[in-house]
There are 2 protein chains.
Amino acid sequence: MATLRDVAKVSGVSVMTVSNVVNGRPSVGEATRQRVLEVIAELGYEANLTARRLRAGRSGTLALVVPRIDHPYFGELAARFTDALRPTGRHLVLEQSGASKEGELGALSQARLQQYDGVLLSAVGLQFADVDRLDGGVPLVLLGEKPMPPRFDHVSLGNRAGGRLATAHLLAHGARRVLMLGGTTAPTDGGMGDLRTQGWRDAHADAGVPADPALVVPLAQLEMGWARGVVRGLVTDGPAFDAVFAVTDQVAVGVLAGLRDAGLRVPEDVQVVGFDNLAVGEHVGPGLTTVDPGNDVLVEHAVRLLDRRLAGDAPEAEHVVTPVRLVERGTTR
Amino acid sequence: MATLRDVAKVSGVSVMTVSNVVNGRPSVGEATRQRVLEVIAELGYEANLTARRLRAGRSGTLALVVPRIDHPYFGELAARFTDALRPTGRHLVLEQSGASKEGELGALSQARLQQYDGVLLSAVGLQFADVDRLDGGVPLVLLGEKPMPPRFDHVSLGNRAGGRLATAHLLAHGARRVLMLGGTTAPTDGGMGDLRTQGWRDAHADAGVPADPALVVPLAQLEMGWARGVVRGLVTDGPAFDAVFAVTDQVAVGVLAGLRDAGLRVPEDVQVVGFDNLAVGEHVGPGLTTVDPGNDVLVEHAVRLLDRRLAGDAPEAEHVVTPVRLVERGTTR
DNA sequence: ATCGGATTTGTGAGCGTTCACATGTTGTGA
DNA sequence: TCACAACATGTGAACGCTCACAAATCCGAT
């Protein structure tokens, strides 16, 4: 690989002048610039980003850390961020923190985060303490639901409002026994499950319908297959229900399959609402009614907050909650 | 951030000794090692990966470049690679080359690729020439279907065999007019569409059933929504068909929705087979019959080939094609 | 001629690490 | 007592780049 020095030698100028040309700095004479550019093309020189980063401290690269990229929610989110960042000339790489504790810590090590100008961290699997340990060496914006150290900028979805919206919709359309699938019977980590379940309770209170705790069914995994099996079991052995609020669309797809397995019709026998507004929801079954969590707003704010830090402003941390919106489709009446 | 020098100063040894401790090199006395480790813990020292990479030339980081991470196929693939690589101590970052030409070139620039020890490049949107331009500065394994410069290691799916398998299955189960949705009427770039369509032709030839060219319908986008609309249109205005071979599962999900829109039953009126064996296929409609493209084998070989290059062996490039397998579910009889 | 100022180019150091090698330190046998 | 390993630690340079600053060049105005 050609280096700055090679280019300098061939074009008969100093290394610094070549650097100035490469970086488009103004103080270079037109003739010199042309000559240098020719040599650059000739030698096929490309800047060594590693060296640049070591010296200059920036890399033009941001990272998005997500638990698992094969969860469609994160895939869609990652694509949104990439699209939002591309026009600004920065670029995004994705890191998976993974399910395992070690993978998570590895992804969060200062050593790794240091490599980026800024990090968007989806804190789903992380505990407060894990995140608290990170000393703000790198501009960091947290994404996700859990309570997190307030010194970090933090954008979360309107989980509670969304749960309320979804459940209210079901109750308003005649449901009386709304299964909260993937909820938490007692508050655990203040995460997604807790908040969406709280929204489910809120809606019941609003509507004056008693919220039967037996209808809150936790899920060991928020996966389609798992949810499907659980729903199938609940139809025969569980409490009676005439609607399901699935904690995620992923779960909702499993619910639809499970209800079909059990011979129940949607929405006639059981109504279903999901959460996330995944692309697949539009095309599954009669169309999944779901809560749009405002990912566009999430991305917009996250980028804004990160930019603010990158610009060196260090105002007090902000905590933004996105607005949610119900998307009505065929799984509700 | 603490540096090697800080640690050295505090623990009263030289920088090199600290480096030796950090890298677990053997030539360090036990007492010294302990002291240094203590200081490291005390100062919270973590190695600067950028500096290490600049000096040592390796980073322990591999990259997987995919067109769009929000396509479930790539999400699942990325997760597989991450899982396969984690035990080996290396780690994987994901880059999106994106739909745009510029994004693609950016992701493929030597400058970017240089930052990694090795690169897995999913060459879906790339032309032969784009890839050919890359001079092997970095160990590179190509993934994907298109014809590529033979000097690169290359793993591709058994596209043609898969198309044949899918179509044969339909023909064997009574279908006579199999729509090839997302196929190519004339060979274009030798990519996925061409190959799977060729498989569709193969199966017809095998079965002695005439392959009506009118049944090959290209798709502007391989997306659920788009495919859905096209199918709906074909039911009323297109050639008669009693089965659909969808070029991807993503398309197949759209097909299922489109057929439902048109009031057709699956598999009674129309049978459907997809390609990719995405997780969602199992739970959509009556369960999507699909071709498993052997992603496990893909990953295994890709990692093996990359490791070979990383080890410095430079034997002749290999081109591996994965074995495919039909997964029978409810959308076929 | 001389000067000040703007413009253009060059110099040396250093980012944090690792490499090749030199030096120091200890123990062992003759 | 000395030579010679074997082990332990240290030295200086270098990776390729950018920073702060110094030096050179050019220009018209005095």
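Side-chain atoms are counted along with the backbone in the values below, which use heavy atoms only and exclude waters and symmetry mates. Proteins come first, then strands; the chains are lettered A, B, ... in the order of their sequence lines, and each starts at number 1.
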In the 5'-to-3' direction, what one-character label does each nucleotide of nucleotides 12-20 of chain D receive under the scheme B = base within less than 4.0 Å of a protein heavy atom, S = sugar-phosphate only, - = no such atom? -BBBBBBB-
Counting only heavy atoms from other residues, nucleotides and ligands, does the tally under 6.0 Å from CD of B:Glu316 exceed 12? no
Salt bridge (charged side-chain N to carboxylate O under 4.0 Å, His left out) with A:Asp296: which residues, sequence neighbours excluded? none
Residue pairs, two or more places apart or on separate chains, that pass salt bridge (Lys or Arg N to Asp or Glu O under 4.0 Å) and touch residues 75-84 of chain B: A:Arg68-B:Asp83
Kindly calculate the angle separating the two end axes of the helix from C:dA1-D:dT30 to C:dA30-D:dT1, each obtained from five base pairs, and round it to 10 degrees. 70°
Under the ring-ring contact (aromatic ring centres under 6.0 Å, His included) test, which residues partner B:His71, sequence neighbours left out? B:Phe74
Any pair counted as salt bridge (Lys or Arg N to Asp or Glu O under 4.0 Å), so long as it reaches residues 109-129 of chain A, sequence neighbours left out: A:Glu95-A:Arg112
Going by heavy atoms closer than 4.0 Å, what residues in residues 28-38 of chain B are next to DNA chain D? B:Val28, B:Gly29, B:Thr32
B:Arg133: salt bridge (charged side-chain N to carboxylate O under 4.0 Å, His left out) partners, not counting sequence neighbours: B:Asp130
Between protein and nucleotides 23-27 of chain C, what N or O pairs are separated by less than 3.5 Å?
none

Do any pairs count as a side-chain hydrogen bond (donor to acceptor under 3.5 Å, both in side chains) and have a residue in residues 297-311 of chain B, sequence neighbours left out, and if so which ones? B:Arg90-B:Asp307, B:Asp153-B:Arg308, B:Asp153-B:Arg309, B:His301-B:Arg304, B:Arg304-B:Glu318, B:Arg308-B:Glu318
Can you see which heavy atom on A:Pro139 is nearest to which on A:Leu306, and at what distance? O-CD1, 3.8 Å
Please list, chain by chain and in numerical order, all residues satisfying salt bridge (charged side-chain N to carboxylate O under 4.0 Å, His left out) with B:Arg58, sequence neighbours excluded. none
Would you please name every residue forming a salt bridge (charged side-chain N to carboxylate O under 4.0 Å, His left out) with A:Asp132, sequence neighbours left out? A:Arg151
Just the rounded figure in Å: distance from C1' of C:dC19 to CZ of B:Arg53. 19 Å
Using a 4.0 Å heavy-atom cut-off, does B:Thr17 contact any base of the nucleic acid, only the sugar-phosphate backbone, or nothing at all? sugar-phosphate
Kindly say whether A:Val124 contributes a backbone atom to a donor-acceptor pair with the side chain of A:Lys146 at under 3.5 angstrom? yes
Could you verify whether a donor N or O on one side chain and an acceptor N or O on the other, from B:Glu145 and B:Ser156, lie under 3.5 Å apart? no
Residues, nucleotides or ligands: over 12 heavy atoms within 6.0 Å of A:Arg5 CZ: no
